Amino acid sequence: TWAAVDDVMQEASLVMWRKLDQLQNDDEFLPWAKVIVRFEFLKARRTTARDRHWFSDEVFDLLADSESESGTADDEVLA
């Protein structure tokens with residue numbers, strides 16, 4: 001989700017601020033930043049993979065179809 005992307009980028013930014021003194025040369029910033037973003041992404045993936053409530057796209061499609069057929073979810077929001 002886009003919220004997850006925002007979270008990863010925010011965490012990566014915090015790590016970069018904390019480790020900025022380790023950067024030797026300004027020309028090396030982009031490769032250095034890419035490595036940090038990559039590791040933050042992998043950390044987020046590990047966290048998400050451990051979540052037992054992670055459903056496939058097919059399950060979400062089935063849930064969306066069943067709600068639209070019954071009409072209860074939309075009716076409750078509008079009431």
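Note that the coordinates shown come from a computational prediction; the quantities given were computed from them, not determined experimentally.
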- Sequence neighbours excluded - salt bridge (Lys or Arg N to Asp or Glu O under 4.0 Å) pairs with any residue from residues 35-44: Glu40-Lys43
- Query: When Phe39 is tested against each of Val37, Val35, Ile36 for side-chain contact (heavy atoms from CB on, under 4.5 Å), which residue passes?
  - Reply: Val35
Could you tabulate the donor-acceptor pairs under 3.5 Å formed by side-chain atoms of residues 6-32, not counting sequence neighbours?
unit_1	atom_1	unit_2	atom_2	d
Ser13	OG	Met9	O	2.9
Gln24	NE2	Gln22	O	3.4
Asn25	OD1	Asp27	N	3.1

